[in-house]
Q: 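Take a look at the following structure, please.
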There are 2 protein chains.
Amino acid sequence: MGLAKTEMFTDAQNEIALFAKVFGHPARVAILQQLFKIEGCYCGDLVNEIGLAQPTISQHLKELKHLGLIKGNVEGTSVCYCINTENWSKMKVAMLQFLNQDVSQNKDCC
Amino acid sequence: MGLAKTEMFTDAQNEIALFAKVFGHPARVAILQQLFKIEGCYCGDLVNEIGLAQPTISQHLKELKHLGLIKGNVEGTSVCYCINTENWSKMKVAMLQFLNQDVSQNKDCC
DNA sequence: ATTATTAATCGTAATATTGCAATAATATAA
DNA sequence: TTATATTATTGCAATATTACGATTAATAAT
């Protein structure tokens, strides 16, 4: 199969999984960290910084953009990428709610 | 390939990616939510609750256990699963640090 | 116009993931 | 001991992911 049965789960569960999935590769983690750190965030800079091939970085950027976590602006032959702060905040709401769950009663049931 | 070049990234980046990856499937999200919600957390209960086949649930539980986020205790023929609260907290430290990043200066560089 | 720069896309190989039927393993009950 | 209940493991098919070379597209510089 290789394909998740998303119809069996709630929208909230699928949303969390989608966001988590995109964070599930260290290259995308590194890209996002770099975008938070650097103001000038050209694609080529990320290729140099991270060390994967240009098409590979481009592909990871596409996934991040597709989820709305970053945006890219064409500047001549370059493309400037940066965090989509509004959507990042929205993502955080969902993820934090999941991560901040607490065991209701007895700490260790088993 | 299909295989991440982990050696190019920091331990912290790889750790975040590993945790995120395990949250990247709605079934594992659902399992964890159920374990937070219910005290008696038998494997069979999860099969009924979630609706995937028993081997599939068992496999997802294995991954969660392998990362240390849950623990399982044998009780007769059943196995009681629950959140490993200590490790969950440790995971949260790493994930929150990543999620709480803030853009340093100008909100939208592009 | 030609050439250089930069990034996206295509095609493909290698590997990983998901899901389940069949089976095995383990412990309890009769 | 034999049957029953519960979970783990194995094997396999379908699909997804990762990575990159080759190419294309688009703009800028000469």
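Throughout, protein chains are lettered first and strands after them, A, B, ... in sequence-line order, and every chain is numbered starting at 1.
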Q: Separation of B/I50 atom CD1 from C/dT18 atom C1', in whole Å?
A: 14 Å
Q: In whole Å, what is the span from the CD atom of B/Q54 to the P atom of D/dA5?
A: 15 Å
Q: Please pick, from C/dC20, C/dA7, C/dA16, the nucleotide with the shortest atom-to-atom distance to any side-chain atom of A/S78.
A: C/dA7
Q: In terms of the angle between their ring planes, are A/H60 and A/H25 parallel, tilted or perpendicular, with boundaries placed at 30° and 60°?
A: tilted
Q: So which atom in A/M95 and which in A/F19 form the shortest heavy-atom distance, rounded to 0.1 Å?
A: SD-CB, 4.1 Å
Q: In terms of the nearest nucleotide of DNA chain C, which residue is placed more toward the 5' end: A/K62 or B/V74?
A: A/K62
Q: Output the rounded distance in Å from CG (A/L61) to C1' (C/dT6).
A: 13 Å
Q: Side chain to side chain contact (heavy atoms under 4.5 Å, CB included) with B/I70: which of B/N84, B/N87, B/L35?
A: B/L35
Q: Does A/G51 or A/G76 map to a spot on DNA chain D nearer the 5' end, using the closest nucleotide for each?
A: A/G51
Q: Under the criterion side chain to side chain contact (heavy atoms under 4.5 Å, CB included), which of B/I31, B/T56, B/D45 is the partner of B/I50?
A: B/I31
Q: With a 4.0 Å limit, can you tell me whether A/T56 has a side-chain N or O closer than that to the phosphate oxygens OP1/OP2 of D/dC20?
A: yes
Q: Calculate the interatomic distance between B/N48 atom CG and D/dA5 atom C1'; express it in whole Å.
A: 13 Å
Q: Ignoring the backbone of B/K5, work out which of C/dT6, D/dT6, D/dA19 is nearest its side chain.
A: D/dA19
Q: OP1 or OP2 of C/dG19 less than 4.0 angstrom from a side-chain nitrogen or oxygen of B/H60, does that happen here?
A: yes
Q: Return the value, rounded to whole Å, for the distance between atom CG of B/N14 and atom P of D/dT18.
A: 13 Å
Q: So, for B/L61 and B/C43, which heavy atoms are closest and what is the spacing to 0.1 Å?
A: CD1-SG, 3.9 Å
Q: Looking only at N and O atoms, is any donor in the side chain of A/Q59 or the base of C/dA8 less than 3.5 Å from an acceptor on the other one?
A: no
Q: Rounded to the nearest Å, what distance is computed from the CG atom of residue B/L52 to the P atom of nucleotide C/dT17?
A: 17 Å
Q: Think B/K21 has a side-chain N or O under 4.0 angstrom from the OP1 or OP2 of C/dT17?
A: yes
Q: Compare the minimum distances between each of D/dA19, C/dT6, D/dT9 and the side chain of B/A4, then state the nucleotide with the smallest one.
A: D/dA19
Q: From NE2 of A/H25 over to C1' of D/dC20, roughly how many Å is that when rounded to an integer?
A: 13 Å
Q: What nucleotide among C/dC20, C/dT9, C/dA16 has an atom nearest to a side-chain atom of B/A53?
A: C/dC20
Q: Heavy atoms from C-beta onward define the side chain here; which of D/dG21, D/dA8, C/dT28 lies closest to that of B/T77?
A: C/dT28
Q: Taking 4.0 Å as the cut-off, does a side-chain nitrogen or oxygen of B/S58 come that near to OP1 or OP2 on D/dA8?
A: yes
Q: Rounded to whole Å, how long is the line connecting atom CD1 of A/I57 with atom C1' of C/dT6?
A: 14 Å
